[in-house]
Engineer: 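Take this structure, written in structure tokens, and hold onto it; I'll ask about it next.
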Amino acid sequence: METDCSPMELTNNAESEEDSDYRDFEEADVKDMRLEAEAVVNDVLFAVSNMFVSKTLPCAEDVAYINVETRERGRYCVELTDSGLRVVAYDFDQTDDSLQNPYHETVYSLLDTLSPAYREVFGNALLQRLEALKRDSQS
């Protein structure tokens, strides 16, 4: 194996700095997944009864959990990963490894399948925004 430097050129300080940089990067990823989950919640909170990022289930580098209560009072724990969102339990702050629910690319798609009331509220909000845009363009 060829190397660009000899092993003697590497000091313990350099190795610990690299380890520290790597840890900082990992922590930033964890915070970013939580931020992504918070953004998802803020985007659709108006159309559900309750929705929040779980403080009980751990956020990791590649996953966060969101608790959702639909307007029909259905309770779900939703996993957010790079693959998308999927229901992992039918109650808050839980996971059920036996569930094999499909991933949804967007929170809109997920909620559309879980909640007819979400679909109605979201559609009405969209219609109101379009009507407001039409009024603004006419004035």
Engineer: Is there any salt bridge (charged side-chain N to carboxylate O under 4.0 Å, His left out) pair reaching into residues 93-113, and which pairs are they, with sequence neighbours excluded?
Structural biologist: D112-R119
Engineer: Pick from I66, V40, V78: which one makes a side-chain contact (heavy atoms from CB on, under 4.5 Å) with L110?
Structural biologist: V78
Engineer: So, taking the atom named OG in S54 and the one named CD in E79, what distance separates them when rounded to the nearest 0.5 Å?
Structural biologist: 12.0 Å
Engineer: Got a sec, which residues hit salt bridge (Lys or Arg N to Asp or Glu O under 4.0 Å) with R71, two or more places apart in sequence or on another chain?
Structural biologist: none
Engineer: Evaluate side chain to side chain contact (heavy atoms under 4.5 Å, CB included) for V53 paired with R34, printing each intermediate quantity in order.
Structural biologist: CA-CA 8 Å; V53 177; R34 180 173 283 284; 3.2 Å; yes
Engineer: Does the side chain of L85 come within less than 4.5 Å of L80's, by heavy atoms?
Structural biologist: yes
Engineer: Go through the structure and list residues passing ring-ring contact (aromatic ring centres under 6.0 Å, His included) with F52, not counting sequence neighbours.
Structural biologist: F92
Engineer: Excluding sequence neighbours, so at least two apart, what forms ring-ring contact (aromatic ring centres under 6.0 Å, His included) with F122?
Structural biologist: Y108, Y118
Engineer: Between L99 and L111, is there a shared hydrophobic cluster once you connect ILVMFWY residues whose side-chain heavy atoms come closer than 4.5 Å?
Structural biologist: yes
Engineer: Is there a side-chain contact between D82 and M33 in this structure, where contact means two heavy atoms from C-beta onward sitting under 4.5 Å apart?
Structural biologist: yes
Engineer: Measure the shortest side-chain to side-chain distance between V68 and R75 over non-hydrogen atoms and say whether it is less than 4.5 angstrom.
Structural biologist: no
Engineer: Is V121 reachable from L130 through a run of I, L, V, M, F, W or Y residues, each pair having side-chain heavy atoms under 4.5 Å apart?
Structural biologist: no
Engineer: Hydrophobic side-chain clustering at under 4.5 Å (ILVMFWY, transitive links): who's grouped with V63? Put none if nobody.
Structural biologist: L57, Y65, V88
Engineer: Excluding sequence neighbours, so at least two apart, what forms side-chain contact (heavy atoms from CB on, under 4.5 Å) with R129?
Structural biologist: none
Engineer: For the residue pair E69 and Y76, establish whether any side-chain heavy-atom pair is separated by less than 4.5 Å.
Structural biologist: no
Engineer: Would you say S49's side chain and T70's backbone share a donor-acceptor pair under 3.5 angstrom?
Structural biologist: yes
Engineer: Would you say that M51 contacts V44 through its side chain, given a criterion of any heavy-atom pair below 4.5 Å between the two side chains?
Structural biologist: yes
Engineer: Hey, quick one: are L126 and F46 part of the same hydrophobic cluster, counting side-chain heavy atoms closer than 4.5 Å, chains of contacts allowed?
Structural biologist: no
Engineer: Which pair of heavy atoms, one from A89 and one from V87, lies closest together, and at what distance?
Structural biologist: O-CG1, 3.4 Å
Engineer: Measuring from atom CD of E38 to atom CG of L45, what distance do you get when rounded to the nearest 0.5 angstrom?
Structural biologist: 10.5 Å
Engineer: Heavy-atom distance under 4.5 Å between the side chains of P116 and E72, does that happen here?
Structural biologist: yes
